Number of protein chains: 4
Amino acid sequence: MSRPLRADARRNRAKILAAAEQVFAEGGPEASTEEVARRAGVAAGTVFRHFPTKADLLRALMKDLLEQVTADAAELATSGDPATGLFEFFGRLVRRTAANRTVVGLLAVPLSGPITSLADVVAELLRRAQEAGAVRLEVRPDEVMALLESTCQGALSGAWTDDLRDRTLEIIFFGLRAHRPLPHPGTGWAES
Amino acid sequence: MSRPLRADARRNRAKILAAAEQVFAEGGPEASTEEVARRAGVAAGTVFRHFPTKADLLRALMKDLLEQVTADAAELATSGDPATGLFEFFGRLVRRTAANRTVVGLLAVPLSGPITSLADVVAELLRRAQEAGAVRLEVRPDEVMALLESTCQGALSGAWTDDLRDRTLEIIFFGLRAHRPLPHPGTGWAES
Amino acid sequence: MSRPLRADARRNRAKILAAAEQVFAEGGPEASTEEVARRAGVAAGTVFRHFPTKADLLRALMKDLLEQVTADAAELATSGDPATGLFEFFGRLVRRTAANRTVVGLLAVPLSGPITSLADVVAELLRRAQEAGAVRLEVRPDEVMALLESTCQGALSGAWTDDLRDRTLEIIFFGLRAHRPLPHPGTGWAES
Amino acid sequence: MSRPLRADARRNRAKILAAAEQVFAEGGPEASTEEVARRAGVAAGTVFRHFPTKADLLRALMKDLLEQVTADAAELATSGDPATGLFEFFGRLVRRTAANRTVVGLLAVPLSGPITSLADVVAELLRRAQEAGAVRLEVRPDEVMALLESTCQGALSGAWTDDLRDRTLEIIFFGLRAHRPLPHPGTGWAES
DNA sequence: TATGAATGAGCCTTCATTCAT
DNA sequence: CATGAATGAAGGCTCATTCAT
């Protein structure tokens with residue numbers, strides 16, 4: 001592929017991505033490329049040199065985001081408490097999304113590679129949670145992904161308070177959970 | 001107010017709404033008004049005579065949609081089986097949304113009247129389901145609306161098969177459901 | 001020419017002209033034909049049946065206006081005090097214009113016939129004023145018309161108070177007037 | 001603020017202003033921005049990069065014009081013959097306007113700074129002319145501005161020959177002028 | 001390579017005018 | 001004849017993308 005970028009070029013790429021994250025987080029994917037350039041302190045042309053197309057920029061952004069998220073999940077998948085890892089991750093992602101409209105782009109811009117690995121890590125989190133007896137055995141990875149996606153979208157609606165978001169998540173978690181003696185005198189489970 | 005439209009005008013209005021439904025269903029609210037006109041087989045000006053503003057067109061569309069949906073829910077709320085009404089409605093709406101991206105507009109275009117009544121009807125469905133012992137008592141109406149909204153959004157992702165959608169819904173329903181005597185065999189969870 | 005209109009047609013014509021006078025007085029010639037129709041209580045098509053073109057409507061309007069103004073002037077020219085008639089008329093017209101932006105149209109829409117007769121009546125007013133010794137003899141009709149037109153335009157600027165308008169007119173009248181001793185050689189006037 | 005434009009940009013800006021001067025001179029402020037672009041040999045977008053709004057373009061144009069005019073007046077106010085400066089300036093401006101309908105914009109587009117200074121300079125010209133005994137002492141600056149404005153407007157009518165214009169101006173000047181024994185025992189005319 | 005000006009297609013909207021009802 | 005819906009050409013403006021400097 002393209003050989004290693006010059007130092008300043010790499011720096012610019014980073015500045016642009018950082019600016020883009022802000023800009024698209026605020027304005028969603030409709031935000032203008034020019035605004036990204038402005039916020040990055042470069043000229044429009046520079047943005048297009050690095051990302052020939054607005055879609056490319058969005059894709060790159062989402063790849064980054066996914067990598068972070070995936071790394072986060074991967075850590076939970078190896079070091080955390082298996083019983084809570086999935087829920088913890090789910091909650092984190094939804095909260096993050098609420099502050100970052102970029103993710104809407106996930107709908108518009110077709111992703112290819114990395115998303116797979118997110119799915120992989122989520123699958124791992126799920127497996128562990130099931131092994132730990134925290135999640136019903138018949139829940140499948142694609143269902144978790146679907147719930148994740150939905151809830152992230154919902155979190156963008158702007159009308160969600162933190163409280164509503166947490167209560168809503170609780171219902172979904174309840175739906176995922178294996179209910180041994182079926183408690184719910186009080187929903188009785190902690191959320192970090 | 002405006003008296004009954006002339007026959008041809010009413011026909012055009014209908015054609016425009018139909019075209020708009022298609023166009024916005026496919027392209028979301030960003031789709032162009034011009035495209036709506038083209039698809040309706042009228043000139044741009046005609047669209048604007050009927051809906052002075054793009055937002056007006058979207059509002060009209062959504063009002064229609066909401067009215068249908070609300071009517072649907074209202075019927076379930078009065079005539080159907082209280083235990084299943086909420087779930088039935090939830091599923092119907094999600095399925096419907098999957099084929100109609102217009103609903104995204106619900107986020108962008110501020111609605112006034114009818115949306116309230118949708119929330120009202122949903123609250124009623126919820127109340128009945130709880131009375132019938134089908135839904136946990138601590139579930140609140142706003143949570144149901146939030147789940148509804150999220151799932152509808154998710155259903156737009158395009159990546160959902162009918163099967164995935166149904167399995168995902170089932171998890172949410174499980175989360176809503178009161179599991180005391182564990183009715184509903186086949187919803188199956190771990191360890192009998 | 002076109003034979004006498006049916007009674008209702010004539011009534012409509014009048015209603016339209018009346019509405020147009022209002023509308024254009026308020027909004028100038030940019031005002032929309034549709035607004036005229038609305039205010040006249042007829043449909044757009046009716047306006048165009050009577051006046052095939054917006055310009056035709058404006059022309060008709062101005063013809064009417066001119067006729068009134070001309071009649072006004074004609075009366076002053078026959079019955080009033082010769083020494084003050086011209087000034088009186090001048091002032092009236094300017095005041096009237098200030099409240100009626102339609103007159104701007106005089107610039108945009110080429111007039112033909114009637115304006116001549118206005119010029120004629122003004123010439124008559126001028127002649128009498130000169131005979132009465134109230135206006136310098138070398139003042140010519142076209143100059144008076146030019147001053148009239150200019151001042152009417154100026155009166156539209158919106159920034160004129162009644163007071164400013166009167167003081168400005170006074171200067172112009174002073175310029176027209178015959179000043180007894182008449183010194184100032186070189187400024188070129190009659191009777192050295 | 002914005003640092004010096006690139007050479008080509010400055011060239012374009014100039015081309016646009018030049019084209020705009022022509023276009024608006026011919027068609028008045030209603031003329032289309034697109035026509036300006038066409039005449040300047042640039043794309044529409046370029047015009048909007050330089051002047052984000054049509055009003056901005058008009059303002060820039062008028063600012064330029066006013067600056068020239070003001071500079072012109074300022075020079076007359078300091079170096080010329082006090083007795084004729086005002087008249088000279090008045091005449092120049094009217095002649096200039098006759099060839100430039102843009103000035104009509106002065107009515108439509110709200111100006112801020114420079115127009116004040118034009119009024120200031122005119123006031124100065126007036127003061128000097130009065131000191132020199134060339135203009136009646138009771139003439140006030142706002143009256144001169146009003147006459148100026150009116151006459152410029154009138155000059156746009158297209159129907160003025162150079163000769164008519166000069167004769168008309170002469171009457172106004174006569175109205176401004178101090179006439180030897182200064183008659184005007186009362187302005188002596190009735191106003192209704 | 002970065003810059004930032006230029007491009008030009010496309011968007012929403014308005015309005016004079018035409019024409020089916 | 002009147003009606004009022006339909007037309008379609010502009011118009012002002014935005015923005016992704018290209019390209020001269």
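The structure displayed is predicted, hence computed values, not measured ones. First the proteins, then the strands, lettered A, B, ... as listed; each starts at 1.
The separation between A:Lys15 atom NZ and E:dT3 atom C1' is 13 Å, rounded to whole Å. Regarding C:Lys54, its NZ atom lies at a distance of 15 Å from the P atom of E:dT14, rounded to whole Å. Between D:Phe51 atom CZ and F:dG12 atom P there is a gap of 15 Å when expressed in whole angstrom units. Atom pair A:Glu34:CD and F:dT17:P shows a separation of 12 Å (rounding to whole Å applied). The interatomic distance linking A:Arg13 (CZ) with E:dA2 (P) rounds to 13 Å, in whole Å. Here E:dC15 presents its P atom at 15 Å from CG of C:Leu57, a figure rounded to the nearest Å. Atom CD1 in D:Ile16 sits roughly 12 Å away from atom P in E:dA5 (whole-Å rounding). Rounded to an integer number of Å, the gap from CZ of B:Arg10 to P of E:dT21 is 14 Å.
OP1 and OP2 of F:dC1 both lie 4.0 Å or more from every side-chain N or O belonging to C:Asn12. For A:Thr33 and F:dA16, the shortest distance from a side-chain N or O to OP1 or OP2 is below 4.0 Å. Phosphate contact (OP1/OP2 of F:dA10, side-chain N/O of D:Ser32, threshold under 4.0 Å): absent. D:Thr53 has a side-chain polar atom (N or O) that falls below the 4.0 Å cut-off from OP1 or OP2 of F:dC13.
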Item to check | Worked check of side-chain contact (heavy atoms from CB on, under 4.5 Å) between D:Glu21 and D:Leu17 | outcome: CA-CA 6 Å; D:Glu21 179 150 4; D:Leu17 277 174; over 6 Å; no

Item to check | A:Arg96 and A:Leu65: CA distance, side-chain angles, deciding distance, side-chain contact (heavy atoms from CB on, under 4.5 Å) verdict | outcome: CA-CA 10 Å; A:Arg96 170 171 220 154; A:Leu65 242 162; 3.9 Å; yes

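Across the interface with DNA chain E, nearest-nucleotide mapping of D:Asp8 and C:Ala31 shows D:Asp8 to be the residue nearer the 5′ end.
For C:Glu35, the salt bridge (charged side-chain N to carboxylate O under 4.0 Å, His left out) partners at least two apart in sequence or on another chain are C:Arg38, C:Arg39.
Of the possible donor and acceptor atoms, one in the side chain of B:Ser32 sits under 3.5 Å from a partner among the backbone N and O of B:Glu34. Here the side chain of C:Lys54 pairs a donor or acceptor atom with the backbone of C:Pro29 at under 3.5 angstrom.
The minimum heavy-atom distance linking B:Leu57 with B:Phe24 is given by the pair CD2-CE1, 3.9 Å. Scanning both residues, B:Val23 and B:Ala31, for their nearest heavy atoms gives CG1-CB, 3.5 Å. The minimum heavy-atom distance between C:Ala19 and C:Val36, with the atom names listed, is CB-O, 3.6 Å.
Classification of C:Arg59 and C:Asp56 as a salt-bridged pair holds, one side-chain N sitting under 4.0 Å from a carboxylate O.
Scanning residues 35-49 of chain D for heavy-atom distances under 4.0 Å to DNA chain F yields D:Phe48.
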Checklist entry - Under a 3.5 Å cutoff on both atom distances, Watson-Crick or G-U, what's the dot-bracket for DNA chain F ([ ] crossing, | other strand)? => result .||||||||||||||||||||

